[in-house]
Amino acid sequence: VTGAGPQTFDKATGVKVQKFITDSALMPLQQEFKKGLMQFFGETEEVQSEEQMMEFLFIEDGIIPIPSHQPAPCAEGLTFTYQQYEIAPYASGMPSFTLPLEVVEPYLTAEAKALLL
């Protein structure tokens with residue numbers, strides 16, 4: 001799949017938001033990423049446990065990466081979507097989950113804070 005993923009612009013300035021969360025968010029958000037992915041895969045019944053999910057995913061060293069495309073803001077928080085083959089087989093589709101703003105707030109970039117808070 002090609003493309004740039006979701007594009008978010010500041011309505012007041014017309015400037016595109018380049019980055020929503022900091023690179024330092026990767027490790028602190030691991031448990032939240034796991035919960036979000038368990039919810040996604042649980043709906044499709046592809047995995048039954050966190051251990052099974054971690055074996056199922058195409059990841060290294062047990063670390064779930066931040067998706068290559070920027071998350072999309074929504075009423076519930078930020079929606080993270082992985083591209084096909086990014087962390088799972090093509091048949092799994094594009095794994096997606098939403099993290100509440102209060103969970104990601106400590107890891108938002110300055111430009112994201114200005115837009116979302």
Side-chain angles (χ1 to χ4, degrees):
V1 175
T2 60
Q7 305 291 305
T8 304
F9 295 85
D10 183 325
K11 187 176 181 179
T13 64
V15 175
K16 178 182 169 191
V17 177
Q18 297 297 317
K19 193 169 188 173
F20 275 93
I21 60 171
T22 63
D23 293 333
S24 66
L26 177 63
M27 295 313 291
L29 289 178
Q30 282 299 294
Q31 198 56 39
E32 298 297 329
F33 284 5
K34 287 177 185 177
K35 284 195 286 188
L37 289 170
M38 277 299 297
Q39 182 179 3
F40 175 84
F41 289 116
E43 291 172 2
T44 61
E45 300 180 5
E46 288 185 71
V47 296
Q48 302 300 314
S49 68
E50 185 177 304
E51 181 179 286
Q52 185 183 13
M53 179 189 70
M54 295 302 286
E55 290 175 11
F56 177 76
L57 296 176
F58 300 158
I59 58 173
E60 294 181 23
D61 302 321
I63 298 171
I64 299 169
I66 296 171
S68 60
H69 291 306
Q70 289 297 310
C74 66
E76 295 80 29
L78 286 180
T79 299
F80 293 80
T81 303
Y82 293 91
Q83 299 304 296
Q84 294 157 333
Y85 294 116
E86 190 172 2
I87 63 166
Y90 179 86
S92 294
M94 297 169 63
S96 178
F97 56 88
T98 300
L99 296 182
L101 226 75
E102 56 268 12
V103 169
V104 296
E105 183 177 351
Y107 311 104
L108 292 174
T109 62
E111 68 179 330
K113 284 181 182 178
L115 182 68
L116 301 173
L117 303 178

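Rounding to the nearest 0.5 Å gives a distance of 7.5 Å between OG of Ser49 and CD of Glu55. In this structure, the separation between CZ on Phe97 and CD on Gln39 is 10.0 Å, given to the nearest 0.5 Å. Here the CD1 atom belonging to Ile87 is positioned 9.0 Å from the CZ atom belonging to Phe56, to the nearest 0.5 angstrom. Residue Phe40 holds its CZ atom at 11.5 Å from CE of Met53, rounded to the nearest 0.5 Å. Note that OG of Ser68 is 5.0 Å distant from CD of Gln83, once rounded to the nearest 0.5 Å. Here the OH-OG distance, from Tyr85 to Ser92, works out to 10.5 Å after rounding to the nearest 0.5 Å.
The main-chain N or O of Ala4 is found under 3.5 Å from a side-chain atom of Gln7 such that the two form a donor-acceptor pair.
Residue Ile21 is not grouped with residue Phe9 when hydrophobic side chains (ILVMFWY) are merged at heavy-atom distances under 4.5 angstrom, including chains of intermediate members. When hydrophobic clusters are built by joining Ile, Leu, Val, Met, Phe, Trp and Tyr residues whose side-chain heavy atoms come closer than 4.5 Å, directly or via intermediates, Leu108 is grouped together with Val17. Ile59 and Tyr82 fall within a single hydrophobic cluster, where Ile, Leu, Val, Met, Phe, Trp and Tyr are joined by side-chain heavy atoms under 4.5 Å apart, directly or via other members.
Residues Val103 and Leu78 have side chains not in contact (no heavy-atom distance under 4.5 Å, counting atoms from C-beta outward). Contact annotation: the side chain of Phe33 approaches that of Leu99 to within less than 4.5 Å [non-hydrogen atoms, C-beta and beyond]. In this structure, Leu37 and Leu57 have side chains that are in contact, with non-hydrogen atoms separated by less than 4.5 Å. Between Met38 and Val47, the closest side-chain pair of non-hydrogen atoms falls below 4.5 Å. Side-chain contact check for Phe20 versus Gln70: some heavy-atom pair is nearer than 4.5 Å. At least one side-chain heavy atom of Ile63 sits less than 4.5 Å from a side-chain heavy atom of Gln30.
Taking the side chain to side chain contact (heavy atoms under 4.5 Å, CB included) definition, one finds that Pro6 meets it with His69, Ala72, sequence neighbours left out. Not counting sequence neighbours, the partners of Thr79 by the side chain to side chain contact (heavy atoms under 4.5 Å, CB included) test are Cys74, Thr81, Ser96, Thr98. Applying the side chain to side chain contact (heavy atoms under 4.5 Å, CB included) test to Gln48 and every residue at least two apart in sequence or in another chain returns Glu45, Gln52.
Closest non-hydrogen pair, Pro28 versus Ala25, comes out as CD-O, 3.3 Å. When all heavy atoms are compared, the tightest approach of Glu86 to Ile66 is OE2-O, 4.2 Å. Shown here for Pro71 and Pro73, the closest heavy-atom pair between the two residues is O-CD, 3.9 Å.
Annotation: side chain to side chain donor-acceptor pair (under 3.5 Å) contacts involving residues 99-117, sequence neighbours excluded, are absent. For residues 10-30, the salt bridge (Lys or Arg N to Asp or Glu O under 4.0 Å) pairs, not counting sequence neighbours, are Lys19-Asp23. Pairs passing the salt bridge (Lys or Arg N to Asp or Glu O under 4.0 Å) check and including a residue from residues 29-43, sequence neighbours excluded, read Glu32-Lys35, Lys34-Glu50.
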